[in-house]
Engineer: 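Can you read through this structure? Questions will come right after.
This structure is a prediction, so every number in the text was calculated from the model and none was measured.
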Amino acid sequence: MDRVQMAEDLSFSRIVHGLWRLSDWKFSDEELITLIERCLELGITTFDHADIYGSYTCESLFGRALEKKPELRGKMEIVTKCGIVLQSPNRPEHKSHHYNTGKKHIIASVEKSLQSLKTDYIDTLLIHRPDPFMDPEEVAEAFSGLKAAGKVRHFGVSNFKSHQFTMLQSYLDLDLITNQIELSAYHLENYEDGTLNLCMEKRIAPMAWSPLAGGKIFSGTEEKSARLKAALQKVAEEIGASDIDEVLFAWLLNHPARIMPIVGSGKIERIERAAGSLTYKLNRDQWFEILQSSMGHDVP
Amino acid sequence: MDRVQMAEDLSFSRIVHGLWRLSDWKFSDEELITLIERCLELGITTFDHADIYGSYTCESLFGRALEKKPELRGKMEIVTKCGIVLQSPNRPEHKSHHYNTGKKHIIASVEKSLQSLKTDYIDTLLIHRPDPFMDPEEVAEAFSGLKAAGKVRHFGVSNFKSHQFTMLQSYLDLDLITNQIELSAYHLENYEDGTLNLCMEKRIAPMAWSPLAGGKIFSGTEEKSARLKAALQKVAEEIGASDIDEVLFAWLLNHPARIMPIVGSGKIERIERAAGSLTYKLNRDQWFEILQSSMGHDVP
Amino acid sequence: MDRVQMAEDLSFSRIVHGLWRLSDWKFSDEELITLIERCLELGITTFDHADIYGSYTCESLFGRALEKKPELRGKMEIVTKCGIVLQSPNRPEHKSHHYNTGKKHIIASVEKSLQSLKTDYIDTLLIHRPDPFMDPEEVAEAFSGLKAAGKVRHFGVSNFKSHQFTMLQSYLDLDLITNQIELSAYHLENYEDGTLNLCMEKRIAPMAWSPLAGGKIFSGTEEKSARLKAALQKVAEEIGASDIDEVLFAWLLNHPARIMPIVGSGKIERIERAAGSLTYKLNRDQWFEILQSSMGHDVP
């Protein structure tokens, strides 16, 4: 599996496994251990979490597996996030849904993530959403402290637009190493508004969430989905892919920005297909045919 | 009263008094002197003007007060603006409404402002609007000349988007010290489009005009206003504010960008309430509740 | 004729002649030579091409003229472009319309342009459109190679938004010297979205395509066109211009960004009128009247 150098002392697997829906899968610890081991065998070593996934439960489920099989921790990179405050039975003290990127909240959130994940360190911590009430000096202090304490190795952001990224970066004495953004052939916003270009300009590789557009394309009920599905099927035939999900991954993977798609599936076959899509090479006719089917018009 | 360090040798009071409607108030010189003195007692030492306010009359009204009580000048900072050309009986030579940021116009405008305000220097001069016909080299020459002559101490802009700010700044050998922009819980554009973030990135404190959204929220006739009014009233009760105007000021003042709201009232009670709002601390639940009532939807 | 310094060793004429529609004019080689010579007499020494113009035929038509009168080459600057792949009977190998800014394509395109134009060097090569699949490292390698080989003197882009420009520039060890963009009193997008401001910030002079808005204003059928036409006619009378095309050119030429309009006409009278429009000085009342008639509302 290709790897992407994220920092001098850190690399991610090109395909990242996402644990967003782990609690929905109703896995036993053994089933989760099996899934993790199969991912590692495929070369997928980077696992994407957030404090809030599964209403604050997914990190703990993952941590239980790590506790049962501690040797797994050293074979993987753990990404997690903080900054969203959700109302949840698991956080009765939360009175409303909002963002919190205050120093105290970031540090407390990391401490909880470490406990839940049964680990001593997080490989990369992301601010989950751009907080319009952010005090960048507090973020800087929180990051420096967590880094110095060895609790977080590197830092990044998620869903940040360019002006949010450069503003926060200007307050930090360490480099943000990624921006995890929504990117797919269906969702072109970050291609078009400069977010992806800023990643390339800053030489950081973006992580792509919802690389399959959450299943919208498979149903193909909307006009845009139907158009895109037809183009993807045509290209699937041309390149010998077995289904359009592989083409959707290949469309991201062939882009020069070193996009790392997050596969959020609990089914090993689907994860294998994502990993397999790394072998497909799209030519420019194909890449643009997919782009144009999504836009609904030709490039000028 | 909190103060904001704008430059090594200049600070503004956190609440700024705006003279936009001075001519409407029909004050005698004595009444204006009283208002100014009450502001100074409250710690409000920064007064915001523009050449065009009151159809080119407000600076003169203020200057008459300064002439009668010259000791006031040293206790205050005067901000004024240039660059808009208005048709007015007081400027019969103006044939149309447009912008002029030519060197000659800027210098002539400052000379007139100095005469009207009965002062030898302006603390901060702002370009009032981004001029699409701006020659930044002319602005740079005008600024340097005015600075060298001791007529203007510092310079800034108003209503500039990020690309307009960075373009102009790139031609100047002095730092723009502020951007006076429309900011309120009602008007979120500059929060969302990166204008406020650029201020934070450049470490400049923005001045906020129309912090109460020009009274739109108080009437509460539109859906957005009604929604916002309800949220503000709820928070007012929670924090013990006497009315929603105090919450609107507090919403700006609690933001980490060191926003300086401009209070454009001739009524001392209203100015006192603005000053008093500095004591209110909004928690994140409250700050986001107001934000979300303005957006009409939750943050993602 | 005014000239614009584009690089230490390169200047363009302020008015550029565009060969976009050369193949439509059905010129004999002699007629084209005459047109070129008349342009040169007017001081118009910069000629704007693209590989794709006339479905890949215009460069060759121009090259035939240069071959018949080789002494013309040294008196002119040739700009051409690459990066769009068009379906054409002249390129049967092209299976779809897309962009290609790969190293191989850029180099092959320049080789073909050199052959077609019967010249040893291109003064300035532009990437024709921002390619969403661009690998900036490949562009950088292609540019460096072409520069080292003496085949292209300087490089620029066309139709790039700010984030596309700064991203590509960050990968190059040479400076992009221009951005050829759509600019006219009718088409204000690049004025408003920061594209023109970035040119000013980077000290590069933009080339303006479609400076007359492709004739839309002359017909005056739409509301916007009718409004703009009336304003242009009023200003034409005031400045003594013989028709509104001169005012449209003057509107661009009077702007401080050193905009270089491209005149894409085969009729020498029209080209003379463009050149003549350099003498018209618009005052701010006039410049803004035209702007505001295009926007459909006053500036704030």
Side-chain angles (χ1 to χ4, degrees), chain A residues 50 52 81-87 91 93-106 108-109 127-142 157-172 176 180-182 187 189 193-195 198 209-210, chain B residues 160-166 169 179 181 183-206 208 231 234-235 238-239 250-259 281-300:
Chain A
I52 58 166
K81 315 187 190 77
C82 68
I84 299 180
V85 175
L86 275 193
Q87 288 187 279
R91 292 289 187 279
E93 69 277 21
H94 292 175
K95 290 189 215 117
S96 73
H97 172 206
H98 60 270
Y99 299 157
N100 192 341
T101 54
K103 180 178 175 181
K104 211 172 119 182
H105 179 84
I106 292 174
S109 182
I127 299 291
H128 206 150
R129 290 270 176 191
D131 171 9
F133 198 58
M134 177 185 287
D135 182 340
E137 295 184 354
E138 289 209 23
V139 178
E141 284 176 31
V157 292
S158 185
N159 302 301
F160 272 47
K161 294 298 172 192
S162 298
H163 61 85
Q164 295 156 340
F165 187 100
T166 57
M167 189 278 274
L168 177 57
Q169 181 63 73
S170 78
Y171 283 84
L172 305 178
L176 296 168
Q180 183 178 122
I181 53 183
E182 186 174 6
H187 186 86
E189 183 187 302
D193 69 6
T195 306
L198 186 75
W209 62 266
S210 226
Chain B
F160 272 47
K161 295 298 172 193
S162 296
H163 61 85
Q164 294 155 342
F165 187 100
T166 56
Q169 181 63 71
N179 191 4
I181 53 183
L183 274 182
S184 69
Y186 185 91
H187 185 86
L188 301 174
E189 182 186 302
N190 289 307
Y191 269 97
E192 293 167 345
D193 69 6
T195 305
L196 186 66
N197 272 341
L198 186 75
C199 292
M200 295 179 79
E201 187 174 330
K202 298 281 183 196
R203 273 61 166 177
I204 65 170
K234 177 166 171 279
V235 173
E238 291 172 6
I239 64 174
W251 192 81
L252 293 174
L253 292 165
N254 275 264
H255 191 279
R258 297 177 299 151
I259 297 162
K281 177 95 190 121
L282 299 189
N283 63 34
R284 285 183 167 265
D285 296 286
Q286 293 159 341
W287 198 89
F288 276 87
E289 182 163 4
I290 293 166
L291 175 75
Q292 293 177 155
S293 74
S294 178
M295 297 194 304
H297 58 80
D298 251 31
V299 293

Engineer: With side chains defined as the heavy atoms from C-beta onward, is the minimum distance between A:Ile127 and A:Cys82 less than 4.5 Å?
Structural biologist: yes
Engineer: Using heavy-atom distances under 4.5 Å, tell me whether B:Leu188 contacts chain A through its side chain, its backbone, both, or neither.
Structural biologist: neither
Engineer: In terms of the angle between their ring planes, are B:Trp287 and B:His255 parallel, tilted or perpendicular, with boundaries placed at 30° and 60°?
Structural biologist: tilted
Engineer: Shorter than 4.5 Å, heavy atoms on both sides: which option in B:Asp193, B:Leu291, B:Leu198, B:Leu196 has the most such pairs with chain A?
Structural biologist: B:Asp193
Engineer: Chain B: which of A:Ile84, A:Asp131, A:Val85 shares the most heavy-atom pairs with it under 4.5 Å?
Structural biologist: A:Asp131
Engineer: Which residue in the set A:Gln169, A:His163, A:Met167 passes side chain to side chain contact (heavy atoms under 4.5 Å, CB included) when paired with B:Glu201?
Structural biologist: A:Met167
Engineer: Is B:Asp298 in contact with chain A via its backbone, its side chain, both, or neither, using a 4.5 Å heavy-atom distance?
Structural biologist: side chain
Engineer: Taking the six-membered ring where the residue is Trp, are the ring centres of A:Tyr99 and A:Phe133 under 6.0 Å apart?
Structural biologist: no
Engineer: Non-hydrogen atoms of chain A under 4.5 Å away: do they reach the side chain of B:Glu192, the backbone, both or neither?
Structural biologist: backbone
Engineer: Name the one of A:Leu168, A:Asn159, A:Val157 that satisfies side chain to side chain contact (heavy atoms under 4.5 Å, CB included) with A:Pro130?
Structural biologist: A:Asn159
Engineer: Checking heavy atoms, do the side chain of A:Gln164, its backbone, both or neither come under 4.5 Å from chain B?
Structural biologist: both
Engineer: Would you mind telling me which of B:Thr195, B:Asn283, B:Asn254 has the largest number of heavy-atom pairs within less than 4.5 Å of chain A?
Structural biologist: B:Asn254
Engineer: For chain A, which of B:Ser162, B:Pro300, B:Gly194 has the most heavy-atom pairs under 4.5 Å?
Structural biologist: B:Pro300
Engineer: Please confirm whether the backbone N or O of A:Ser210 pairs with a side-chain atom of A:Glu182, one donor and one acceptor, at under 3.5 Å?
Structural biologist: no
